[in-house]
Structure formats: C-alpha cells, structure tokens
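Position 1 is the first residue of the sequence, and the numbers go up from there. Bear in mind that the values here come from a model prediction, so they are computed numbers and not experimental data. Just so it is clear, the values below take in all heavy atoms, side chains as well, and ignore hydrogens, waters and symmetry mates.
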Amino acid sequence: MASKRKSRATPDIEEMEPPSVNRAKRNSICVNGKIIDIKKPECEGGVRISFNDITAAAYRIKSGIVKTPLVRSDALSKILGCELYFKKEFELRTGSFKERGARNALLKLSAEEKKNGVIAASAGNHALALAYHGQLLGIKVTVVMPVVAPIMKISQCKQMKATVVIKGETIAEARDFALTILEKEGQVYINGFDHPDIIAGQGTVGLEICGQLDNIDAIIVPVGGAGLIAGVAVAAKNMNPSIQIIGVEAARCKSFTEALKAGKPVRAANSVSLADGLAVPTVGLNAFVTAQPLVDKIITVSEKAIALSILRLVEIEKNVVEGSGVVGLAALIDGQLPELKGKRVCTILCGGNIDTTVLGRCLERGMAADHRLLSFTVVVKDAPGGMKMLTERLAESGASIKDILHERAWLLEDVFAVRVRCMVETRDSDHTVEVRKTLTDNYRHVEFIGLSDASSDPSDGSNSPKSGKLPARRTC
C-alpha cells in the first residue's frame, strides 16, 4: 500500500456553489462520434464521473440528506485486529444510501422533466428512495417492481404516493416493461446504479467518510451494479490518493470481477443470495469506466460469511443490516484481507431493509456457520425412558433443544428402537464438540447433519478455505 498521506481538506459543503451545468450537455453524450440521449437507459454509457460532479451533488442534496454516523466498533476492532469503523448508511430515512443519488437525480431535472415525472425499475431500495424524495419534491414517480419484490417495500412505495406497477418475474423484465411506459408517457428513466447523476450522488458517501475520519487506510465498499464504489472511489481518491478502495461482491454474482476480466461489462452468472441487493448480473457501463482505474482490489464472499456477519452486527453492534450491507465485514471475518491488520479501515453498511422473516433465516444460518447449532439423528430405545434419557443427557451437556421429532415408521431394521431427529443450540464451537462427544459416547447410531468441517458449498464459488470453516464466536 502506498505511504499514508493526510486527507485533503474537506470541502465545506455549506459554502460550496454548484458549478454551472450545460443542460443539453448533461442530457447527451458522444459515443463513437454519435450524440445520444442519456435520459434513455439503453443509451447510458461511457460517462466518467468527476470529483466536481460529486461536490456539486453534495451541495445540491444537503438540505434533504442527513450526514450519517461513522462509528468505531471497539469489539470488532479487537477481534479482527484492525481499527474498524462503520459508515451507517442504513440510518437514512428509507434505510439505504440510495437516497443520495435519487435526490440528486431528481433535483437535476428540468422544469418540464419534473412535470412529466420519472420512472424506474427496482425491487427495493432504489424504488423507495425515488418514491420518498419524489414525494418531498412534488415529482411524480412510477416504479415497476417484479413480482418477487418484498410486499413491505411495495406497500411503502404506495404509502409515499408513488405509482407502483407489478410486472415481470425478474428485474430485467420489469425494466423492459418500464421502457414501454417510457415510450408512451415521456418520463425520464432513472437507472438505479448507472445514471451519471445517481453515481455522483452516491459519491457523497466518500466525501463524508473522508471528512469524518482522518488518515484512513482503506474503504471497503459493497459492489452490485457498481454505482456506489464508482462514486466513493472518485471522492476518496481525490481527497487522499493513498486510500485503498476495496470492493466486495457476493460469490454468487461476480459481475464486477467478470467485467474486470473482460475489460468491459459482461453478463455474469448469478443465483439467489442473502445479499440480494448486489445480485446485478451486469455492472453499469458508466460505473465501470469510472471505477475501473481507481479500485485497488475486488474480492468475493460466501453465503456463510454473509450470514455470520449479519449475526455479528445484531449481537455485537445491535444493528440490523441487510445482506448486501454486510459484505465488507464478511470479507474481514472470512480472513480475506490480512493486509489490513493494524490499519484504519472503514466499511460501508449500505442498507438495512431486510424482511423480518428473512432476518430470522439469516440469523439461524449465521448461528450454524458459527458452529452454535447442531443437527443430528440418533437411534434410541423405543421404551419408557428412552426419550427422557436423551433429553437429560442433552440438558446435562448444556445444550438447548430447539427442535425434536421421533420417527418409528422408517427404522425398519429394529422395531424396538426409534429414530430421533434433533436440533440443539450450543454456546460455541468448543461446546458443540463436547455435545457431539456426549452423543457418540452414549449411542451407537448417531448421524450429524451439516457438520462444521463439511466442505463449503461449491455453488458459492467462494475463495474461502476448502474446509468451509468460519471463525468460531470466541475468535470473531
């Protein structure tokens, strides 16, 4: 890493004046000698965002976006061996950083464009941000959401007076339908991660971080469509060129990694992930050309690490953060950034919009990854006291039974025995080993399900150790 330099003086947002903008130039770009209209999503491409764009955005949105906290985590700093700070973007009104770009894009519309309104395709955070700030600014917002969009987010968009259209099985199908509406009604389409005004607005996160914390060694940024990392990289590198910008993707959707290999945005394979907000199969072209020369490293994290990080933030920091927001912490927990030991590090917790049912599943998976859940089947005597003896042994070992079921019909080889399927909660990985020993010492037929030393899920495509082990709670 380059030698540490002091950050450039933070711009005083209150005193800054936005640079004059040629509206015709803003709404059109030149690609291969052809002038095209960037209001149309299929025409967005090749725009590299500048530091001036970001400082102007910061001035523009300052009356409607609160500065989010940047807080040191003493507990996790000690555990992970670095000075760790969290930028808490989930504390914005709609629960994510998306508000910054949405407000900036809406404020840059002409009077006629504001009258016609805007349209976007989104399954969540971008739709919420546009709906909220559209309502505040008196701009009509239409959002096309796929059928898989969470009911809670659909309801919230409607409460904020947005016109909500449910169409398409995927976000791509929703976007295609939005384009048909666009052609008929003449609204402005605002891409959630690649519109130049969106990227500039997201870059204000980087300005705030550098203004809140001196001598930062690295900023870890979640990567989906790459709008956030593009804006943050421009802001941070201009204020302190020695800052490392590290991007983190979910291993199940490595769109930026694939784009780096190809030298341009390409469609990457993707599958369902706990970090659903990062599951963008193709990064934005504007975002890519802006971020590519400035990003120092891109890594991917497994589903286990994401689940464990959600659990850590709930238990240690008392913060509820969605899977997309925890991937930076997941990279540290997974031991993928050893070069940051002893360094001053900031990771962006970019969103907190997670359904309660999904949160429950994530916490349970996190406990399993933390070796604090043990699932097994055991064969016991089908006689009075057989089940009682099993539960007493579990109680004496200190395990707490979460689920238990006994099955007679499928144990054909012994009609005087019953198979019991059980899941218990333990204190940590050492306690899990003790409980397993108790069971194997007392029963001939015990089968453990989801052993902690099982191989990691190959579908993750993660670069975690082959053992699939994650740090036990006592170490992280």
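For residues 220-247, the set of pairs meeting the ring-ring contact (aromatic ring centres under 6.0 Å, His included) definition, not counting sequence neighbours, is empty. Applying the ring-ring contact (aromatic ring centres under 6.0 Å, His included) test to every pair with at least one member in residues 331-361, sequence neighbours left out, gives no pairs at all. For the salt bridge (Lys or Arg N to Asp or Glu O under 4.0 Å) condition, no pair includes a residue of residues 264-287, sequence neighbours left out.
Not a single side chain to side chain contact (heavy atoms under 4.5 Å, CB included) links Val272 to another residue, sequence neighbours left out. Take Lys167 and apply the salt bridge (Lys or Arg N to Asp or Glu O under 4.0 Å) test, not counting sequence neighbours, and it matches no residue. In terms of the salt bridge (Lys or Arg N to Asp or Glu O under 4.0 Å) criterion, residue partners of Glu83 (sequence neighbours excluded) are, by chain and number, Arg72, Arg344. Judged as a salt bridge (Lys or Arg N to Asp or Glu O under 4.0 Å), and not counting sequence neighbours, the contacts of Lys87 are Glu208. By the ring pair (Phe, Tyr, Trp, His ring centres under 6.0 Å) test, Phe288 pairs with Phe256, sequence neighbours left out. Listed by chain and residue number, Glu258 satisfy the salt bridge (Lys or Arg N to Asp or Glu O under 4.0 Å) test with Lys261 (two or more places apart in sequence, or in another chain). Evaluation of the side chain to side chain contact (heavy atoms under 4.5 Å, CB included) rule for Val164 yields Val143, Met145, Ile154, Cys157, Lys158, Ile166 as partners, not counting sequence neighbours. Evaluation of the side-chain hydrogen bond (donor to acceptor under 3.5 Å, both in side chains) rule for Lys437 yields Asp441 as partners, not counting sequence neighbours.
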| task | Apply the test side-chain contact (heavy atoms from CB on, under 4.5 Å) to residues Val345 and Ile220: give CA-CA distance (whole Å), side-chain angles for both, the deciding distance (0.1 Å), then the verdict. | result | CA-CA 8 Å; Val345 180; Ile220 308 176; 3.6 Å; yes
| message | Between Asp428 and Thr426, is the side-chain contact (heavy atoms from CB on, under 4.5 Å) condition met? List the steps. | response | CA-CA 6 Å; Asp428 52 33; Thr426 61; over 6 Å; no
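Among Ile229, Ile298, Val327, the single residue meeting the side-chain contact (heavy atoms from CB on, under 4.5 Å) criterion with Val221 is Ile229.
Here the CZ atom belonging to Phe193 is positioned 7.5 Å from the OG1 atom belonging to Thr282, to the nearest 0.5 angstrom.
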What pairs of donor and acceptor atoms, side-chain ones from residues 119-130 against any protein atom, are under 3.5 angstrom apart with sequence neighbours left out?
unit_1 : atom_1 : unit_2 : atom_2 : d
Ser122 : OG     : Gly124 : N      : 3.0
Ser122 : OG     : Ala127 : N      : 3.1
Asn125 : OD1    : Asn353 : ND2    : 2.7
Asn125 : ND2    : Glu322 : OE1    : 3.4
His126 : NE2    : Ile190 : O      : 3.0

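Under the 3.5 Å distance criterion, with hydrogens and angles disregarded, a donor-acceptor pair is assigned to the side chains of Arg100 and Thr204. Judged purely by distance below 3.5 Å, without hydrogens or angles, the side chains of Glu434 and Ser397 never pair a donor atom with an acceptor atom. Using modelled atom types, one finds no donor on one side chain facing an acceptor on the other under 3.5 Å when comparing Glu249 with Thr300.
Taking each heavy atom of Ile306 and Val326 in turn, the nearest pair found is O-CG2, 3.7 Å. Considering every non-hydrogen atom in both Pro265 and Val283, the closest pair reads CB-O, 3.5 Å.
For Arg103 and Tyr132, the positive end is not near the middle of the six-membered ring at less than 6.0 Å and at most 45° from its axis. Within the cation-pi definition used here (under 6.0 Å to the ring centroid, within 45° of the axis), Arg436 does not qualify as a partner of Phe376.
With salt bridges taken as basic N to acidic carboxylate O contacts below 4.0 Å, none links Asp370 and Lys304.
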